[in-house]
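All remarks here apply to the structure that follows.
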There are 2 protein chains.
Amino acid sequence: MLTKIARACYDVNMDENNITEQPRRRSDGEQTHQTILDRAVKLASIEGVNQITLGRLAQATGVSKSGVYAHFKSKERLQMEIIEAAGEIYEREVIEPGLQAPEGLPRLIKLYESFLSYVEREIFPGGCFFAGLISEFDAQSGPVHEAVIAGHREWEGLVVSLIQDAQQRGEIDSGVEPAFLVFQLDAVKDHANFLYTLYRDPAWIERGRQAISRIVTQVSAT
Amino acid sequence: MLTKIARACYDVNMDENNITEQPRRRSDGEQTHQTILDRAVKLASIEGVNQITLGRLAQATGVSKSGVYAHFKSKERLQMEIIEAAGEIYEREVIEPGLQAPEGLPRLIKLYESFLSYVEREIFPGGCFFAGLISEFDAQSGPVHEAVIAGHREWEGLVVSLIQDAQQRGEIDSGVEPAFLVFQLDAVKDHANFLYTLYRDPAWIERGRQAISRIVTQVSAT
DNA sequence: ATGAAGATAGCACGATCGTACTATCTCCAG
DNA sequence: CTGGAGATAGTACGATCGTGCTATCTTCAT
């Protein structure tokens, strides 16, 4: 799902390349590719996608600079793949666990709990990758900006649908405007990520949990 | 006040230079200095402090590269001055207007309204400068990181004192934990800034106002 | 008014950036 | 087992980075 943030980004520059004939990969190459990407994603979450450099990435992985370059035929492609790889991790660590809870309000709650847990476990060493990515590109036009917006809309759409689900089940007051509730919940989750990343103190995650459950209590149907 | 974010940052590297004998500035130099700094602050709010380059700054202001460099004797100094200049703007546009309201709850409310207004009026073209700065340096150790933490602590301290003030006046329920209330309010203000910067839609500021006043209503003494 | 000092431009430096081209190695399908 | 193709290193390119040094204006205190 959130991988679309990268796919959309990718498509922008790869429009008329419909053929998409992949040159088949060799196993050792695939291995190295993933190693580089892993390191790149971690680095990018700390320093930002724009700070990632072919040279430093080569030095960090022990691969030669041209070796790194050969895997991603341009820096733009590298950035895309970093974002895509991060999207897959987000999918696996936040979305999927969230959707495993029973439908309705529990699923909504679990989704936000999954996010807080994912921050607390420091899946990315620099805090939530996408929080950083959006902050980095929110004011810069270009394919990444567009992709970031698409990704955010997708998340918002997901949460809204969960809220409507819970409303139809009578678990959330039907007078609540879903978009406003998303705003409140996202504000808390992002702020908890923000403060945890800054101070590395789990107390901030705990505050996030408190604030989330307080909001949920307020909108719960009587 | 928030200027300390830069001053602290500055002090880290300028410790034993107590003499601080300033070479007196010439008027034309002062003028150019400010022009460059203005442009730099705006650019930095969009692209990030780390993306600011002597060369591009020279090109953007029409001053020669070495001319720019002469004003800030290193790139680190330039970054410090950018942060300091942004701090003065924040002080003028958010803190001062906020503190002009009558003491107690009205002052607290006005402070957050000042922030939302400052975002809405796009004082910085890339959204709240410090929201971006913190996100950029939250996971990177160094003088800027330390300064960012100092600045955040200062803001939090200010808000906590306003809350305690309002509690002593009986305007806010005394059972409310000030630190938790700050968390809730800051979550909303930062999220409103975040979404406004991404979408440039004033509706997000309006949502922020709604969310703030809802929180205030909840904690108001009966 | 004059001279010391700040303001500014020009140029050069080593480092690193992204990108290309070439050569060698190593895997794996036939 | 072999040959074609992917994986990887080496090297070089022009551009730009931050930083110095030098020379020529302007300004302003005396």
Side-chain angles (χ1 to χ4, degrees), chain A residues 9-10 13-14 19-40 43-44 47-83 136 140 142-144, chain B residues 9-10 13-14 19-40 43-44 47-83 136 140 142-144:
Chain A
C9 181
Y10 190 79
N13 288 2
M14 296 296 293
I19 322 274
T20 318
E21 38 173 327
Q22 318 240 32
R24 50 195 151 75
R25 282 265 174 74
R26 237 168 61 188
S27 63
D28 56 345
E30 187 60 40
Q31 162 79 24
T32 308
H33 193 89
Q34 206 54 44
T35 301
I36 298 172
L37 220 39
D38 276 6
R39 191 82 70 168
L43 267 175
E47 307 183 2
V49 171
N50 270 329
Q51 300 293 324
I52 298 313
T53 237
L54 278 303
R56 300 203 299 126
L57 204 48
Q59 187 177 343
T61 54
V63 183
S64 74
K65 188 177 154 190
S66 57
V68 173
Y69 185 77
H71 276 283
F72 318 88
K73 316 196 176 182
S74 75
K75 184 175 187 183
E76 249 196 11
R77 289 270 203 108
L78 170 62
Q79 291 186 339
M80 312 282 199
E81 290 207 36
I82 289 175
I83 295 172
E136 190 176 355
Q140 289 178 266
V144 178
Chain B
C9 180
Y10 191 78
N13 287 2
M14 297 296 293
I19 322 275
T20 318
E21 38 173 328
Q22 317 241 33
R24 51 196 150 75
R25 283 263 174 74
R26 237 167 61 186
S27 62
D28 56 345
E30 187 60 40
Q31 161 79 25
T32 307
H33 193 89
Q34 207 54 44
T35 300
I36 297 173
L37 220 39
D38 275 5
R39 191 84 68 168
L43 267 175
E47 307 184 2
V49 171
N50 270 330
Q51 299 293 325
I52 298 312
T53 238
L54 278 304
R56 299 203 299 127
L57 203 48
Q59 187 177 342
T61 54
V63 183
S64 74
K65 188 177 153 189
S66 57
V68 173
Y69 185 77
H71 276 283
F72 319 88
K73 316 196 176 182
S74 75
K75 184 174 186 183
E76 249 195 12
R77 289 269 203 110
L78 169 63
Q79 291 186 340
M80 312 281 199
E81 290 206 37
I82 289 175
I83 295 171
E136 190 176 355
Q140 289 179 269
V144 177

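We name chains A, B, ... by the order of the sequence lines, and we start the count at 1 in each one. Just the heavy atoms: all of them, side chains too, but no hydrogens, waters or symmetry mates, feed the values below.
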**Complete:** Picking from C/dT8, D/dT19, C/dT19, the nucleotide nearest the side-chain atoms of B/T32 would be C/dT8
**Message:** Side-chain N or O of B/T53 versus OP1/OP2 of D/dG18: is the shortest distance under 4.0 Å?
**Reply:** yes
**With A/Q140 via side chain to side chain contact (heavy atoms under 4.5 Å, CB included) - residues at least two apart** = A/N50, A/F137, B/I46, B/E47
**Prompt:** D/dC17 P sits how many Å from B/E47 CD, rounded?
**Reply:** 12 Å
**Request:** Find the distance A/N50:CG to C/dC17:C1' and express it as a whole number of Å.
**Result:** 13 Å
**Fill in**
Walking DNA chain C from its 5' end, the first of B/H33 and A/F72 to be reached, judged by nearest nucleotide, is B/H33
**Message:** If I take atom CG from residue A/L78 and atom OG1 from residue A/T53, how far apart are they, to the nearest 0.5 angstrom?
**Reply:** 9.5 Å
**Request:** Check whether any side-chain heavy atom of A/F72 lies under 4.5 Å from a side-chain heavy atom of A/L54, and answer yes or no.
**Result:** no
**Gap separating the CD1 atom of A/I82 from the CZ atom of A/R77, nearest 0.5 angstrom** = 14.0 Å
**Message:** To the closest 0.5 Å, what do you measure between CD1 (B/I52) and CD (B/Q79)?
**Reply:** 9.0 Å
**Request:** Take the protein atom CZ of B/R56 and the nucleotide atom P of C/dC17, then report the distance between them rounded to whole Å.
**Result:** 17 Å
Using a cut-off of under 3.5 Å, enumerate the N/O to N/O pairs linking the protein to nucleotides 26-30 of chain C.
{"from": "C/dT26", "atom 1": "O2", "to": "A/R26", "atom 2": "NH1", "distance (Å)": "2.9"}
{"from": "C/dC28", "atom 1": "OP1", "to": "A/S27", "atom 2": "OG", "distance (Å)": "2.6"}

**Asked** In whole angstroms, how far is the P atom of D/dC17 from the CD atom of B/E76?
**Response** 18 Å
**Item:** side chain to side chain contact (heavy atoms under 4.5 Å, CB included) partners of B/E30, counting only residues at least two apart
**Value:** B/R25, B/Q34
**Item:** Base C/dG18 paired with A/K65 side chain (donor-acceptor, <3.5 Å)
**Value:** yes
**Asked** Is there a side-chain polar atom (N or O) of B/H71 under 4.0 Å from OP1 or OP2 of C/dT8?
**Response** yes
Polar pairs (N or O, both sides) under 3.5 Å between protein and nucleotides 20-24 of chain C?
{"from": "C/dA20", "atom 1": "OP2", "to": "A/Y69", "atom 2": "OH", "distance (Å)": "3.2"}

**Request:** Starting from P on D/dC28, measure out to CD on B/Q31 and report it in whole angstrom.
**Result:** 12 Å
**Request:** Rounding to 10 degrees, work out the angle separating the end axes of the helix from C/dA1-D/dT30 to C/dG30-D/dC1 (five pairs an end).
**Result:** 20°
Tabulate below the donor-acceptor pairs under 3.5 Å that side-chain atoms of residues 60-69 of chain A make, not counting sequence neighbours, or state none.
{"from": "A/T61", "atom 1": "OG1", "to": "A/L57", "atom 2": "O", "distance (Å)": "2.8"}
{"from": "A/T61", "atom 1": "OG1", "to": "A/A58", "atom 2": "O", "distance (Å)": "3.3"}
{"from": "A/S64", "atom 1": "OG", "to": "A/G67", "atom 2": "N", "distance (Å)": "3.0"}
{"from": "A/Y69", "atom 1": "OH", "to": "A/K73", "atom 2": "O", "distance (Å)": "3.1"}

**Request:** In whole angstrom, give the distance that lies between atom CD of B/E30 and atom P of D/dT27.
**Result:** 15 Å
**Message:** For B/H33 and B/E81: C-alpha separation, side-chain torsions, deciding distance, then whether side-chain contact (heavy atoms from CB on, under 4.5 Å) applies.
**Reply:** CA-CA 10 Å; B/H33 193 89; B/E81 290 206 37; 2.7 Å; yes
**Asked** Which of these nucleotides, C/dT8, D/dT19, C/dG18, is closest to any side-chain atom of A/K75?
**Response** C/dG18
**Request:** Return yes if some donor-acceptor pair links the side-chain N/O of A/E136 with the main-chain N/O of A/V49 below 3.5 Å, else return no.
**Result:** yes
